[in-house]
Amino acid sequence: MFEPRSRAYLSSPDAFEKEVLAAWKKANILQQTLEARADAEPFVFYEGPPTANGRPGIHHVLSRTLKDSVCRFQTMRGKRVMRKAGWDTHGLPVELEVEKQLGISGKPEIEKHGIGPFNEKCRHSVFTYKEEWEQVSDRIGYMLDYADPYVTFHKDYVESVWFLLSRFAKNDLLYRGSKVLPWCGRCGTGLSSHEVSQGYADIDDPSVWISFPLQNAPGDLAGAALVAWTTTPWTLPSNMGVCVHPEFEYAIVENDGKRFILLQSKAEGVFGEGNFEVVGTVTGKDLAGLSYEPLFQWEGGTVVQEGDKVHVVVVDDFVSDGDGTGMVHMAPYGADDFRIAQRDGLIATLAVGSEGRFLVDLAGVEAGTFFRDANKTLARDLKERGRLLKINQYRHSYPHCWRCDTPLLYFPSPAWFLRTTSFKEKMEAQNAKVKWSPPEIGEGRFGEWLSNNIDWALSRDRYWGTPLPVWVNEEDPEDWICLESYAELESLGGEQGENFDPHRPEVDDITFETPTPGKTGTMRRVPQVIDCWFDSGAMPYAQHHWPFENREFVAEQFPADFICEGIDQTRGWFYSLHAIAIFLTQMDEDLWKSGELWGEPLPRLEAGGAYRSVMVNGMILDKSGVKMSKRLGNIVNPAEAIAEHGADAIRWSFLTGGAAHLSRRYDDSGVSEARRRVLGTLSASYDFFALYARTENWDPSTERPALGDREAIDRWILSRCAEAGQESIQGWEDLLPNNAIRPLERFLVDELSNWYIRRCRRRFWGAEGEASQAAAFATLFEVLHASLRMMAPITPFLADALWKELTGSEESVHLQLFPETPESIDKPISEAMDPILRAASLGRAVRERVQIRVRQPLGKLVVHISNEKALSVSPRAYEDALVQELNVKQVEWIDGTPDFLEVEAKANFKSLGKRAGKNMKALASTIANMDRETVFKLQGGGTVEVDLAGEPFLLEGDDILLQTQSAEGMEAATDGYVTIGLVTELTPELECEGIAREILNRLQTQRKETGLEVSDRIRVRLHGDAPVRAAMEKHGAWIAKEALAPDGLHWVEAAVVTADGFQLWELPGNHHLQVALEKFSLKNA
RNA sequence: GGGCCAGUAGCUCAGUUGGUUAGAGCGUCCGCCUGAUAAGCGGGAGGUCAGAGGUUCAAGUCCUCUUUGGCCCA
């Protein structure tokens, strides 16, 4: 108990914290908090599963620190906070990593290698970095249960995901459609966006302007033709519509006797300058629904989208006015095109098939022609038929297959979708109830994304993922079923081998006869796996194998009170959690109707979303504001940073370094600053307490003086401590860590250490009497007791280590309650200290200006506080603090506004602005020019009527702000409502006392240099000039007492000082002093 | 190309509902203190609040545009 710790902490935070960590491990601290709060109200936290496929970076330290500090805070509020770890283990990143390991790449090579061995490799690869993740998380104090994590590839987890998907299917919200994907016709495979980005190359394509003559168009539009532009003529045979922007104004122009429609700004580029005449305009939306003459006549092809119309004008605001004509030719080979076709029911027919070759003979192009090779033939044909208005070469960057260099096409492939658009409004409504920190992410980024919601393209044509539990009848593609469990699979006759694993390829081999009455045929699973975002969004249920197990428990732990991830998760985890929860709890009425499932009770999950509040954190950039990347080599390794600074310093600087959601720069020097300035100060404050508690044998169990019996400054620091605590609670509850921590920093550094302890030091060694000492000990103990608990969520290591020393208890600070003592708040007491702090600062500034060091006592300090009457507690209670801080003999408090003070009145814009309105400026100058008497009258509580633009205007005391400017006859300074004057005249007495203080200073310095302890008694011999001698004679007793020289000071003659052991000191004013000192003992006394 | 966010001192960041001295820490210069001492404290200098326009008696704060950077999506 009361061992000093700051030296150990500051010199080696890493070793210091590891010791704390070991104690936590030994005591199983997480378990302890849960047991201690077994019956407490739960605070539900969901851990977003990291991909264990890459190393943890410093940005992960940020979000883990945020999560941890909020959870620790809530635990200290008495809540039960479960913290189950989780791992996101499926998906493309894992596959890519394994491809790298195997030295293969792309789907054909994976299949050649074998899906089984490949997936086996994925399963193991996932945990390559698991240990590193756990170590870093553990080391930063992220309290999480790693013993029993949820893992998205585990059989139970997958089964829960299947169950959820089956619920979508049972509500008719799972459907098969097409999705346009980057596709290599030669390799016959889709490519991931990651692969596409590797293969961009410049390529020349024909750039063609095509006309689409309208049919049966009314008015000005009769006989006119739309003009569209494309660089992919091979898609023209598959044209299904022309898209215009609903808001654009299109020009109707005449050229060579024919009418065309396009953006006016684009007409010159097509027809040439002066070759056309604008004859009218039409708005995009007025063109909607018109039909036009098809470009080509042909039969066959593959219909990929059934519909009721084709070759019509549709509208959408994806159309831009950049390249082209403001009109877009639409074919099924484009993602936007396909989306609109689905929305508007256009028939989509492919002329080019999945191998990149034409499927039919048309317009001189033979079936089997490679898609790009048809461009010229098609262009010639169109030109001959007058449908091609212009052709250019166009060089642009185009994606190629990175494996075989073949230009890619975008190709519609079969895909499975969740009809999320059917509950878009519910998602938006629920989102409005979620507390977002910061709010603008929820309203803006996430809200925007929800309002533009499109159906969730769920399937992935990949290997390592949760297999889509959809089995299709080989004989009838419309006969399909989405399974809800392994049991159902088995009951249908799908045989599962021993140690069944639901992954590909094992699951692909399981077939059964169709259960549909009246149908025959073998049911075979579709080849796809699902988007791994669905996996992670399923975690509230799947982490506990719901609804197969833990139905009650999940109902209690749903929804989350709090989640916290990076801003990049907006459209990832935040969305998948939200969408699944809203479907499950608000759309799936059938599931909840009976209150049972499979004959067992099914407690209802609260209808709503998956989370009540979200804290979003920004990215971490390097110290120059550049994103960290392997390529640039500017990645900060968390382990190294922690080894250097310790986790607490990093946690502190992350939690305070700017608003959590903004991207911020990682600054190494900022971290060491936090360590020194804040954590160093806190530990030094504790050390100070511990040092004197030990030497004075102070015991926390002795009765402590009542609050009313303590000094004003004690009540002040206790009040401030309680205020800081209340602000901190508010900040944490608002999910604004900055607001929680800034008041603490101010309190600990400025108020506790730099003012309270500094001003009260003497009290601790009893220099101000026993009562004062007892009050000081009690106060500082109580303040530290609260402060360490307030710091515990932020810097869990240091707080716990100091807590155990302070309390002498083995019980961790993390099992305590957060201090909440609003009853100790005394606003008037807190406010009354402010003018004192200002006066002290002004006094130091004046001393600096007049070059009189603080050691030199001065006669008088004059203080004027212009709003003193408004303070219900007089700052005069703190007079002692000023006397000591500024080393003056006397403080004179000035009432009213005496003549020697110059005052200036200023308008209070805040109170006058609304009343004065336009005349505010005139009023301000009237007030500035008011004479002293008027000002005093107002200040004394009276009212004054002034003339304002010819109208009388009534002023009250609150309408002016008084500033004192300077004082005559002394060195003065002003800060707002506080003015001080310092009488700088040095009387012989003051000079003498100044010398005495210089002597004491030299004695103490020499004591330290000699290697003596601060509490060692010393024997002093000294010699000096006449003023030194005078000072010694007058103040010798005082010096001896302060310097702990029990037998006084021994004056020696000049002759003696030539001997060894005397040190020569120069004092200000050309005085000199020679001192010899040694440890005092009875022998040499 | 679209959506969202940000740009305040040399650096990292605060800045409440618009209100007249725009703050803090670090760095820098100068100084102080010494019974927290391999610490600590203070003072000074340093800002046309990214740029332009607008609303208002009053704009770092509200609106519009431009510009730079970040995140996500095409």
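Below, chains carry the letters A, B, ... as their sequence lines are ordered, and counting in each starts from 1.
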message: Tell me whether the side-chain N/O atoms of A:Arg855 come closer than 4.0 Å to OP1 or OP2 in B:C33.
response: yes

- request: Would you tell me if any nitrogen or oxygen in the side chain of A:Gln1004 comes within less than 4.0 Å of OP1 or OP2 on B:G35?
  value: yes

Sticking with atom [atom1], work out how far [N] lies from [M], rounded to a whole angstrom.
| N | M | atom1 | result |
| --- | --- | --- | --- |
| B:C13 | B:C73 | P | 25 Å |
| B:U56 | B:C63 | P | 16 Å |
| B:G69 | B:U61 | P | 23 Å |
| B:G43 | B:C49 | P | 26 Å |
| B:A24 | B:G44 | P | 10 Å |
| B:A59 | B:U20 | C1' | 12 Å |
| B:G27 | B:C11 | C1' | 7 Å |
| B:U64 | B:C4 | P | 11 Å |

Check nucleotides 17-19 of chain B for protein N or O atoms closer than 3.5 Å to its own N or O atoms and list the pairs.
residue : atom : partner  : partner atom : Å
B:U17   : O4   : A:Lys910 : NZ           : 2.9
B:G19   : O2'  : A:Lys910 : N            : 3.4

Nearest whole Å is fine: how far is [N] [atom2] from [X] [atom1]?
| X | N | atom1 | atom2 | result |
| --- | --- | --- | --- | --- |
| A:His245 | B:G2 | NE2 | P | 10 Å |
| A:Asn919 | B:A58 | CG | P | 12 Å |
| A:Glu745 | B:A24 | CD | C1' | 8 Å |
| A:Asn431 | B:G3 | CG | P | 19 Å |
| A:Leu10 | B:A38 | CG | P | 12 Å |
| A:Asn617 | B:C72 | CG | P | 13 Å |
| A:Asn453 | B:A74 | CG | P | 13 Å |
| A:Glu565 | B:C71 | CD | P | 18 Å |

Using a cut-off of 4.0 Å on non-hydrogen atoms, how would the nucleic acid contact of [X] be classed: base, sugar-phosphate, or nothing?
| X | answer |
| --- | --- |
| A:Arg742 | sugar-phosphate |
| A:Ser685 | base |
| A:Arg761 | base |
| A:Tyr692 | base |
| A:Ala684 | base |

For the residue pair [Y] / [X], report whether a side-chain donor-acceptor contact shorter than 3.5 Å exists.
| X | Y | answer |
| --- | --- | --- |
| A:Trp1065 | A:Gln1006 | yes |
| A:Arg758 | A:Asn754 | no |
| A:Arg5 | A:Ser683 | no |
| A:Thr421 | A:Asn453 | no |
| A:Trp755 | A:Asp750 | no |
| A:Glu768 | A:Gln773 | no |

query: Between A:Phe777 and A:Phe689, how do the two ring planes meet: parallel, tilted or perpendicular, split at 30° and 60°?
result: perpendicular

message: Classify the ring geometry of A:Tyr333 against A:Phe411: parallel below 30°, tilted from 30° to 60°, perpendicular beyond 60°.
response: tilted

Would you call [X] and [Y] a salt bridge, using N to O less than 4.0 angstrom?
| X | Y | answer |
| --- | --- | --- |
| A:Glu1042 | A:Arg762 | yes |
| A:Glu3 | A:Arg694 | yes |
| A:Arg1002 | A:Glu998 | yes |

I'd like a table of atom pairs between the protein and nucleotides 41-43 of chain B - only N or O on both sides, under 3.5 Å - with the distance next to each one.
residue : atom : partner  : partner atom : Å
B:C41   : OP1  : A:Asn754 : OD1          : 3.3
B:C41   : OP1  : A:Asn754 : ND2          : 3.1
B:G42   : N2   : A:Glu848 : OE1          : 3.0
B:G42   : N2   : A:Glu848 : OE2          : 3.3
B:G43   : OP1  : A:Ser841 : OG           : 2.6

Given [options], which nucleotide is nearest the side-chain atoms of [X]?
| X | options | value |
| --- | --- | --- |
| A:Leu1044 | B:C33, B:G35, B:C57 | B:G35 |
| A:Lys921 | B:A14, B:C57, B:A36 | B:C57 |
| A:Trp765 | B:C33, B:G35, B:A36 | B:G35 |

task: Could you check if a side-chain atom of A:Tyr9 sits within less than 4.5 angstrom of a side-chain atom of A:Tyr686, using non-hydrogen atoms only?
output: no

message: For a 4.5 angstrom cut-off between non-hydrogen side-chain atoms, does A:Leu1012 reach A:Leu1077?
response: yes

query: When you look at A:Trp436 and A:Phe574, which way does the ring pair (Phe, Tyr, Trp, His ring centres under 6.0 Å) test go after all the steps?
result: CA-CA 11 Å; A:Trp436 285 82; A:Phe574 296 158; 5.6 Å; yes

- request: Please tell me which of A:Glu998 and A:Leu691 maps to the more 5' nucleotide of RNA chain B, matching each residue to the nucleotide holding its nearest heavy atom.
  value: A:Glu998

query: Between A:Arg762 and A:Gly917, which has a closest nucleotide on RNA chain B that is more 5'?
result: A:Arg762

Could you write out each protein N or O paired with an N or O of nucleotides 45-48 of chain B at a distance under 3.5 Å?
none

- request: Kindly write out the residues that satisfy salt bridge (Lys or Arg N to Asp or Glu O under 4.0 Å) with A:Arg7, not counting sequence neighbours, or none if the list is empty.
  value: none

- prompt: How would you list, by chain and number, every residue that makes a side chain to side chain contact (heavy atoms under 4.5 Å, CB included) with A:Gln730, sequence neighbours excluded?
  reply: A:Asp734

query: Name the stems that RNA chain B belongs to, where each is three or more consecutive Watson-Crick or G-U pairs with both distances under 3.5 Å?
result: B:1-7 with B:67-73, B:10-13 with B:23-26, B:28-32 with B:40-44, B:50-54 with B:62-66

